[in-house]
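Presented below is the structure to which this report refers.
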Amino acid sequence: MQSSDKTTIWLDCDPGLDDTFAIIYAGHAKELHLLGVSTSPGNTCLANTTQNALDVLYNIGRKDVPVFAGSNSLIKG
């Protein structure tokens with residue numbers, strides 16, 4: 001599959017169990033180009049979700065995917 005045939009995506013998530021599977025899928029799917037991952041607090045604090053994303057990508061051999069920590073505040077409404 002050529003890179004022009006791939007769908008480019010960016011994942012914004014709070015990696016707990018469900019988002020971990022999303023990162024694994026996106027990191028291995030031949031039809032996707034995972035541009036990057038940004039994290040937010042949710043299942044746990046921002047430092048933990050960011051480290052979770054980094055750990056998942058490292059463990060699936062995708063250290064090439066950048067991870068950015070998002071805002072540390074939760075919007076309440």
Side-chain angles (χ1 to χ4, degrees):
M1 178 172 277
Q2 296 178 347
S3 62
S4 62
D5 296 334
K6 295 183 177 189
T7 300
T8 299
I9 65 167
W10 184 279
L11 288 180
D12 182 49
C13 54
D14 61 339
L17 188 58
D18 57 341
D19 291 335
T20 294
F21 284 112
I23 294 170
I24 293 168
Y25 176 79
H28 285 300
K30 294 186 182 342
E31 69 274 11
L32 299 177
H33 169 64
L34 181 56
L35 189 60
V37 175
S38 53
T39 59
S40 61
N43 293 320
T44 187
C45 68
L46 181 62
N48 288 347
T49 59
T50 303
Q51 190 61 56
N52 288 349
L54 289 165
D55 290 345
V56 171
L57 290 164
Y58 175 82
N59 283 306
I60 65 168
R62 292 300 312 268
K63 295 185 296 184
D64 60 307
V65 176
V67 175
F68 295 91
S71 174
N72 198 24
S73 64
L74 293 172
I75 299 172
K76 297 180 182 177

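The structure places CD1 of Ile24 at 6.5 Å from CD1 of Ile60, a figure rounded to the nearest 0.5 Å. Rounded to the nearest 0.5 Å, atoms CG (Leu46) and OG1 (Thr49) are 4.5 Å apart. Once rounded to the nearest 0.5 Å, the distance linking CG of Leu11 with OG1 of Thr39 reads 11.5 Å.
Residues Leu54 and Ile23 fall within the same hydrophobic cluster, defined by Ile, Leu, Val, Met, Phe, Trp and Tyr side chains chained together at heavy-atom separations under 4.5 Å. A chain of hydrophobic side-chain contacts below 4.5 Å, direct or via other Ile, Leu, Val, Met, Phe, Trp or Tyr residues, connects Leu57 to Leu32.
Residues Leu34 and Ile9 form a side-chain contact, since some pair of their non-hydrogen atoms from C-beta on lies under 4.5 Å apart.
Apart from Phe68 itself, the hydrophobic cluster it occupies contains Trp10, Leu35, where clustering links Ile, Leu, Val, Met, Phe, Trp and Tyr at side-chain heavy-atom distances under 4.5 Å.
For the side chain to side chain contact (heavy atoms under 4.5 Å, CB included) with Val37, the lone residue among Val56, Asp12, Val65 that qualifies is Val65.
What you find for Lys6 and Lys30 is that their closest heavy atoms are CE-O, 3.1 Å. Nearest approach of Asp19 to Asp14, heavy atoms of both residues: OD2-OD1, 2.7 Å. In terms of heavy atoms, Pro41 sits closest to Ser71 at CD-O, 3.2 Å.
Here the side chain of Thr50 pairs no donor or acceptor atom with the backbone of Ala47 at under 3.5 angstrom.
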